[in-house]
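Worksheet: one structure, shown below.
Numbering starts at 1 and runs along the sequence shown.
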Amino acid sequence: MADADGVPPHQITEPTLFEYVDVEAVSRLVENASGTDAGTDSVRFGYDGSLIEVRADGHVSVFVPVGDTK
């Protein structure tokens with residue numbers, strides 16, 4: 001989030017990602033990523049007005065609403 005907001009990581013204090021992350025979904029992503037019949041290839045969740053996508057290949061995307069001045 002710090003990269004997306006263009007600020008140093010220590011400036012991101014609240015809200016914490018832990019409050020927004022579906023831990024079970026992330027666990028399923030990691031467990032299934034190495035299998036030949038991988039189920040979930042990405043997990044998405046909202047965070048402070050943005051949409052975060054974490055893919056099984058480790059790529060993380062942050063989507064902010066159009067026109068947002070973050």
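Listed by chain and residue number, H10, Q11 satisfy the side-chain contact (heavy atoms from CB on, under 4.5 Å) test with P8 (two or more places apart in sequence, or in another chain). Partners of L51 by side-chain contact (heavy atoms from CB on, under 4.5 Å), not counting sequence neighbours, listed by chain and number: R44, F63. Listed by chain and number, the residues in a side-chain contact (heavy atoms from CB on, under 4.5 Å) with R55 are S42, E53, D57, H59 (sequence neighbours excluded).
When all heavy atoms of P65 and G49 are compared, the closest pair comes out as CD-O, 3.2 Å.
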